[in-house]
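Before any comments, here is the structure.
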Amino acid sequence: MNELVQRLSEGQHPVEVSLRPEKTAIALKESIDRGYVHIKFTDTKGGTDLGVRLDPKLSNFNEADFEYLTGKVHLVGNLTLNYVKIQCVADINLETLEGNGHLKPIEH
């Protein structure tokens with residue numbers, strides 16, 4: 001397995017959402033509504049920014065209050081990183097737009 005995928009599959013890692021032009025909870029909500037978010041693993045060389053197509057059945061937004069910018073979102077989606085099919089799982093705090101995440105290799 002790829003070394004980066006292997007490392008990010010072990011334990012939890014610091015992550016943040018990558019949002020443009022502004023890093024706000026409202027911009028995150030708009031990304032969630034589109035079903036696609038960018039998650040950045042910040043503890044790799046230069047950071048690892050992943051575009052994640054969200055799985056609405058596995059993601060959870062019930063603890064998020066976008067009006068008051070409190071709570072957290074649980075984001076889950078599949079993608080391919082370095083030719084390895086993976087699932088990205090991240091819990092993001094709405095106040096800081098940071099949290100923890102990890103990758104899960106998808107077995108064929």
Side-chain angles (χ1 to χ4, degrees):
M1 180 186 311
N2 177 273
E3 184 269 331
L4 177 62
V5 173
Q6 178 74 36
R7 188 158 59 89
L8 294 178
S9 297
E10 296 170 355
Q12 292 291 321
H13 300 272
V15 296
E16 65 184 23
V17 288
S18 296
L19 299 163
R20 290 180 179 82
E22 288 185 288
K23 188 175 172 181
T24 66
I26 300 306
L28 174 58
K29 175 76 167 91
E30 291 169 356
S31 291
I32 289 170
D33 290 345
R34 286 191 301 270
Y36 192 83
V37 297
H38 282 90
I39 304 289
K40 183 175 186 177
F41 285 80
T42 58
D43 65 346
T44 61
K45 287 183 185 170
T48 301
D49 208 343
L50 304 176
V52 179
R53 183 160 310 285
L54 295 175
D55 183 331
K57 293 178 186 147
L58 298 176
S59 298
N60 184 341
F61 314 111
N62 294 336
E63 295 180 40
D65 186 332
F66 286 96
E67 185 177 346
Y68 294 103
L69 310 179
T70 60
K72 65 180 182 175
V73 291
H74 181 73
L75 306 174
V76 181
N78 296 344
L79 65 142
T80 301
L81 174 61
N82 297 341
Y83 307 104
V84 179
K85 291 186 183 296
I86 56 168
Q87 183 177 71
C88 179
V89 180
D91 292 304
I92 303 293
N93 180 312
L94 287 186
E95 292 177 58
T96 62
L97 298 176
E98 298 175 352
N100 291 307
H102 65 277
L103 302 180
K104 290 182 185 176
I106 298 172
E107 302 298 327
H108 298 298

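Since the model is a prediction, treat every value here as computed from it, not as a measurement.
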Which atom pairs, one a donor and one an acceptor, fall under 3.5 Å between side chains of residues 71-80 and the rest of the protein, sequence neighbours left out?
residue	atom	partner	partner atom	Å
H74	ND1	D91	OD1	2.5

For residues 26-38, tabulate all N or O donor-acceptor pairs below 3.5 Å that involve a side-chain atom, not counting sequence neighbours.
residue	atom	partner	partner atom	Å
K29	NZ	D33	OD1	2.8
K29	NZ	D33	OD2	3.3
S31	OG	A27	O	3.3
S31	OG	R34	NH2	3.2

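Closest of all the heavy-atom pairs between V15 and A90 is CG2-CB, 4.2 Å. Closest heavy-atom contact between G47 and K40: CA-CE, 3.8 Å. For G99 against I92, the heavy-atom pair with the smallest separation is N-CD1, 4.3 Å. Between L58 and Q87, the shortest heavy-atom distance links the atoms CD1-NE2, 3.4 Å. Residues L69 and E95 approach most closely at O-CG, 3.1 Å, considering heavy atoms. Across all non-hydrogen atoms, the minimal contact from D43 to H13 is OD2-ND1, 3.0 Å.
From H102, atom NE2 reaches atom SG of C88 across 8.5 Å, with rounding to the nearest 0.5 Å. With rounding to the nearest 0.5 Å, the separation of CG in N100 from CD in E16 is 12.5 Å. Atoms OG1 and CG, from T48 and L4 in turn, are 4.5 Å apart once rounded to the nearest 0.5 Å.
A continuous path of ILVMFWY side-chain contacts below 4.5 Å connects L94 to L54, so both sit in one hydrophobic cluster.
Put simply, the side chain of E98 does not reach to within 4.5 Å of the side chain of T42, judged on heavy atoms. Side-chain contact between L103 and L50 is present, with at least one heavy-atom pair separated by less than 4.5 Å.
With a 6.0 Å radius and a threshold of 12 heavy atoms from other residues, nucleotides or ligands, E22 has its CD atom at or below the threshold.
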